[in-house]
Amino acid sequence: MCDNHFYSGTSLLSRFLPFLRIFCLISLPLCVAEHANLPRNMIENSMFEEEPDVVDLAKDSTAFPTFPALDPDEVAYEPRSSRLLVRGLGENDMDEDEEDCESSARLLGMSFMNRSSAHRSSSSPYARQAPPRSCSRPSARTMVVCVLFLVIVASMTMVLYFLPGCTFTKAGCRKPNKTTPIQPVYPNSTNGELFPWAELRLPYSIHPISYDLTLNPDLDDTTFTGQTVINMTVLHNTNRIVLHGANLNITKATFKLDDGEAKEVTVLEYKPRQQLAVKFSEDLKAGQYCVLTLDYSANLSHTYDGFYNSSYTDKDGNKRVLAATQFEPLYARKAFPCFDEPSFKATFLIKINRKQGYMTLSNMPKAKSTPLPNGLVQDEFEKTSVKMSTYLVAFIVSNFTPISRNISNTLVSVYSVPEKKEHTDYALDTASKLLEFYNSFFEIEYPLKKLDLVAIPDFLAGAMENWGLITFRETTLLVGKESSQLEKQVVASVIAHELAHQWFGNLVTMRWWNDLWLNEGFATYMQYMSLQTVLPQLDTVSPHICLIYFPLHIFKMVKVVCFSMCSCSTVIHVCLQGNLFLSVRFRAMDKDALNSSHAVSTEVNTSEQVEEMFDSVSYEKGASILLMLNTSLPGDQQFRKGIIEYLKQFSGANTDTNDLWNSLTEVEVSTHHQNVSEMMNSWTSQKGFPLVTVSRNGDEVNFTQEHFLLTSENATHSSSLWNIPVTYVNDSCSLAPECRQVFNLKTKSGTLKIPESVKWLKLNYRNTGFYIVHYGNEGWTALIDALSKNVSVLTHEDRASLVHNIFALSRFGRVSFQQVLNLLNYIPGETESAPVTEALLQLNRIYRLLDKRQESGLVARMKSYILSHFGSLMKSQTWGEEKSVSKQELRSALLGMACSLKEENCTQQAKLLFKQYVDSNGTSRIPGDLQHVVFSVAAQSDEGWTTLLNMHAHATYDAEKRKMLQALASTEDTRRLVWVLKTSLKGDIIQTQELPLVISTVCNGFAGYLFAWDFIQENWDRLIEKFPVGSFAIQTIIKSATSQFSTQAHLNQVCFFFF
Ligand SMILES: [Zn+2]
């Protein structure tokens, strides 16, 4: 799935948001006592830091011994933390005892989830059985309950550790004691019978082989009926079948064993975990086959997940309805009963009944259409030729129209609403090129006969990689001929990401959501790599370009635009470094520097935690460490061969992180054999990243590493160590890849000899490593001197890296802000986009914070500083059409900043362009990269805002429409801001899918950030109806609002609301 590109947008201002959060974080005392109750991302988003407490102890895999086995299912899939609940306290007991919202459930980290799931009682596994009450501050009674609970937990910990579950050997190894099984506490089904399963994860005793699925959606009534026939095999003797189903009304169920008769059976349901079960009086035996047939009815979903209904208004003003699906991660169960975990792969045969005049799509090509007696038509799709995880199943009922092209053995089509068909050409072209590229690069042909890319008018995520039927927002798939290169870059980037998933994710799938990064980190990495190679004109490259030939056989005679200094043998390395990917790596570090971050591969035990995995750690950090690995391996071959080996070995199967590292380690292509597992485990199994500090004494250079952890003074000290491939260049050779040298730092410190004549070292060449560098006073001074004499002494990625690192070190307290300003003194001589945008982003973040604290004197000085250092660059920007993506990025950032500071030259020019645009009645265009700036200036006047609102209603280009919406939400008129917020939630004039963007834009400005916070609080229940708790959308909403705060009073408010 592609979430992250979407709320970030391409404008400079929207990129600033994450940084404000970090500044707030270190500016504030912490809400120490209560912070840990939020899920991981919520903690970060609310500016709090995690410290070990009851929750952490319960989750910590080392805090409790392994319990004795009851049966293979319960051992294999039992989350550790839930053991404490189920076996220790008893899950039902907890619910019954829960009379105060500050009670034991809260101490187990559930109060936030309970609050957030109050309106999901039928669907969330964490919904309370009783209606929630509003939380108050802890009472004396609560304190007593807390203390008692802590004592109980501590006692249990000691008892469990020392006595029942294990026997100690001399080495401290604990053997399971099989003689004292503890019975699980089974919950009650909806009909009062005992439900035969007590875990979130399904038992593994029954495995689905194939599904036959028939659906009858009624788009007018927004309901559907269905029949699901599941063919299964029995892997272990068992007396139960447990699968998923959410909000499905089961009307009939039959069961057939081997060649026996089909018999009606009772289906039990346990709603909190969205599970269904059938119990048997006698065991089903390993090796037997069975068939479960379930008839059911349900409502089409009114949110953005499951099988959901949607509508749009066509060009004649008529409302057109459609139904589409979004199943990742946990929503296939809302459309049909299924084993809804990624490792339960099966084949699917899908039939959909539809009205005349509609068309249907699914993963496979249509096999036949049959008229039904009731006047409907049944479309039957070919049985899937591959085994798929349930989250990749998809179907759509709509009136969309396609354009198509044959690529190798695959029919590639792009679908849209009929009136936007002319906007699909670019997507078809791009998808075709990328499909050819991936077919060759992975040396595995795309396995399906067709590949559809569908633009859905109402879609929450950026895109979704359903196998053979990729769904997109209109903005991420449709562009016109006149769209800017930056807009095309967004479309190409998302297509590249989703196509990469057809291999990474669809063909080879992570076993469980804890390793989501294997899907998302790889797809993110491949999107940048493939774009730079297939569509180099879209990415930002140095103006000193050359044409070279790619060394691998698949790219023979393919011209690749690359940096002048890159050699053929290293083309794949250096071509990965477009500015987009570089800024993405900086942002990933900003999140990962927080104590509330998590390991790339981490434990996931709840539905909310599954949702939370869709964050920058899985996506961007995952991609960043793959880049670091690729650049640290000898030559290009080991990485590519390793991933080909991985894909071939595990084709159709499920994997975990170790499988990937083993594949990459086994492919030995050079004598400099690198143990990939040894190196990469340190990057995936622990959160955060290192700070490398350099100190020099003559010819001796000392490197030390420590955890770069932005936290409060009293936070726990981290002893994490990383296996860091430290790269460095020096003053005599600093640009070409051949200059790069490597020092493997595996311990706390290491020493390197260099010639005394070396004046300076620059570490982390081109910022391909995921670490920050502190050069010490002398080191920074030497680098600043070198840059002030000649900007081109370092690559532009290295210059951007210095800017990013020195701001980070300033926040970390290692350098003074004066030193930051000393480095920025070289900026007037800078012309490259990456360093300028990074510096502007960092400065703007501070400026916005000062503005919200109403530090008017400092705000004025800050404005003056920015204009004095960037003024000449701002003035030198043009306002006409610009072809270079790099220049578009640069001027978009500079002019965006100038106009937001109300610099008169900028605002006058923007107003002029807007007037010409309006007066021309559509014949004059504003360059795509400047639309955000121009519209935002226009929206500050009454007349401009009203005009924009009218234009927004009739805009055909979706990217343009979104920029108009951002402008509307950037007004300083508070009444209008409130209207935009309310209208976005309502969803008629402004689509609700845009609400996270609207809130983040409103929060960015001074006028509306407090209104936005009020709006979130007042409408919290409605928000979490629309956007699942833990989802990227809700993360964006909370982060946008709370990152604007920097006072104790606001911190108290946030604490009070969430706890
Ligand atoms: Zn993805």
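One-based numbering along the sequence shown.
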Enquirer: Flag this pair as yes if the NZ/CZ of R811 is under 6.0 angstrom from the six-membered ring centre of F807 and inside a 45 degree cone about the axis; otherwise no.
Expert: no

Enquirer: Return the minimal non-hydrogen interatomic distance between I827 and P835, and the atom names on each side.
Expert: CD1-O, 4.4 Å

Enquirer: Take T768 and N630, measure what side-chain contact (heavy atoms from CB on, under 4.5 Å) needs, and give me the verdict at the end.
Expert: CA-CA 9 Å; T768 54; N630 191 1; over 6 Å; no

Enquirer: Validate the cation-pi geometry between R640 and F441: distance from NZ or CZ to the six-membered ring centre under 6.0 Å, angle to the ring axis within 45°.
Expert: yes

Enquirer: Any side-chain to backbone donor/acceptor pair from K621 onto G688? Under 3.5 Å, distance only.
Expert: yes

Enquirer: Among side-chain atoms of N767 and H804, is any donor-acceptor pair under 3.5 angstrom?
Expert: no

Enquirer: For S597 and A593, indicate whether the former's side chain and the latter's backbone hold a donor-acceptor pair under 3.5 Å.
Expert: no

Enquirer: Are there more than 12 heavy atoms of other residues, nucleotides or ligands under 6.0 Å from atom CD of E855?
Expert: yes

Enquirer: Under 30°, 30 to 60°, or over 60°: which ring-plane class applies to F708 and F689, parallel, tilted or perpendicular?
Expert: parallel

Enquirer: If the plane angle is over 60° it's perpendicular, under 30° parallel, otherwise tilted; pick one for W780 and H774.
Expert: tilted

Enquirer: On a heavy-atom basis, which atom in A786 and which in W760 lie closest, and how many Å separate them?
Expert: CB-NE1, 3.3 Å

Enquirer: Do side-chain atoms of S618 reach the backbone of D615 as a donor and acceptor pair under 3.5 angstrom?
Expert: no

Enquirer: Mind listing the closest non-hydrogen atom pair of G928 and S484 along with its distance?
Expert: CA-CB, 3.7 Å

Enquirer: Give the minimum heavy-atom separation between V793 and L735, together with the two atoms involved.
Expert: O-CD2, 3.7 Å

Enquirer: Is it true that a side-chain atom of T727 and a backbone atom of Y765 form a donor plus acceptor pair closer than 3.5 Å?
Expert: yes

Enquirer: Hey, what do you get for CG (L580) to CG (L531), rounding to the nearest 0.5 Å?
Expert: 8.5 Å

Enquirer: Can you measure from NZ (K863) to CG (L843) and round to the nearest 0.5 angstrom?
Expert: 15.0 Å

Enquirer: Does L840 reach the side chain of I866, with side-chain heavy atoms less than 4.5 Å apart?
Expert: yes

Enquirer: Check the pair C906 / M874 against side-chain contact (heavy atoms from CB on, under 4.5 Å), numbers first and verdict last.
Expert: CA-CA 8 Å; C906 185; M874 288 168 173; over 6 Å; no

Enquirer: Rounded to the nearest 0.5 Å, how far does OG of S868 lie from CZ of R861?
Expert: 12.0 Å

Enquirer: Please name the pair of heavy atoms, one in W661 and one in S677, separated by the smallest distance, quoted to 0.1 Å.
Expert: CB-OG, 3.3 Å

Enquirer: Please list all pairs passing the side-chain hydrogen bond (donor to acceptor under 3.5 Å, both in side chains) test where one or both residues lie in residues 689-707, with sequence neighbours left out.
Expert: N702-T751, E706-R814, H707-S718

Enquirer: Is it true that a side-chain atom of N730 and a backbone atom of C733 form a donor plus acceptor pair closer than 3.5 Å?
Expert: yes

Enquirer: F743 vs L763, test: side-chain contact (heavy atoms from CB on, under 4.5 Å). Steps then yes/no.
Expert: CA-CA 10 Å; F743 180 87; L763 273 63; over 6 Å; no

Enquirer: If every non-hydrogen atom of R891 is compared with every non-hydrogen atom of D929, which pair is closest and at what distance?
Expert: NE-OD2, 2.5 Å

Enquirer: Could you tell me whether K591 and E620 have a side-chain N and a carboxylate O separated by less than 4.0 Å?
Expert: no

Enquirer: Are the side chain of Q638 and the backbone N or O of L664 linked by a donor-acceptor pair below 3.5 Å?
Expert: yes

Enquirer: Could you tell me whether the side chains of Q489 and Q485 share a donor-acceptor contact shorter than 3.5 Å?
Expert: no

Enquirer: May I ask you to decide if the ring planes of W722 and W683 are parallel, tilted or perpendicular, using 30° and 60° as cut-offs?
Expert: tilted

Enquirer: From L930 CG over to S936 OG, what is the distance, rounded to the nearest 0.5 angstrom?
Expert: 11.5 Å

Enquirer: Rounded to the nearest 0.5 Å, how far apart are NE2 of H932 and SG of C899?
Expert: 10.0 Å

Enquirer: Test of understanding: with side-chain hydrogen bond (donor to acceptor under 3.5 Å, both in side chains), list the residues that count as partners of D851, not counting sequence neighbours.
Expert: none

Enquirer: Are the side chains of F812 and I772 in contact, using a 4.5 Å heavy-atom criterion?
Expert: no

Enquirer: So do D592 and M589 actually touch side chain to side chain, heavy atoms under 4.5 Å?
Expert: no

Enquirer: Hey, can you tell me if H497 and Y619 have their rings parallel, tilted or perpendicular (30° and 60° cut-offs)?
Expert: parallel

Enquirer: Is any side-chain heavy atom of Y775 less than 4.5 Å from a side-chain heavy atom of K762?
Expert: yes

Enquirer: Can you find a pair of side-chain heavy atoms, one from V729 and one from T795, that are under 4.5 Å apart?
Expert: no

Enquirer: Does a salt bridge link E832 with R799, judged by any charged N lying under 4.0 Å from a carboxylate O?
Expert: no

Enquirer: Would you compute the distance between atom OG of S792 and atom CD of E830 and round it to the nearest 0.5 angstrom?
Expert: 8.0 Å

Enquirer: Starting from the C-alpha separation in whole Å, work towards a yes-or-no answer on side-chain contact (heavy atoms from CB on, under 4.5 Å) for L626 and W517.
Expert: CA-CA 11 Å; L626 287 171; W517 88 276; 3.9 Å; yes

Enquirer: Counting only N and O atoms by type, is there a donor-acceptor contact under 3.5 Å from the side chain of K746 to the main-chain atoms of L721?
Expert: no

Enquirer: Return yes if some donor-acceptor pair links the side-chain N/O of N805 with the main-chain N/O of S801 below 3.5 Å, else return no.
Expert: yes

Enquirer: Is there a donor-acceptor pair under 3.5 Å between the side chain of K687 and the backbone N or O of N595?
Expert: yes

Enquirer: Side-chain contact, heavy-atom cut-off 4.5 Å: L627 with S624?
Expert: no

Enquirer: Can N822 and Q818 be counted as having a side-chain donor-acceptor contact under 3.5 angstrom?
Expert: yes

Enquirer: Is the shortest side-chain heavy-atom distance between L691 and L809 below 4.5 Å?
Expert: yes

Enquirer: Is the distance from the ring center of Y525 to that of F639 below 6.0 Å?
Expert: yes

Enquirer: Is there a donor-acceptor pair under 3.5 Å between the side chain of S734 and the backbone N or O of D731?
Expert: no

Enquirer: Are side-chain heavy atoms of N825 and H869 found at a separation under 4.5 Å?
Expert: yes

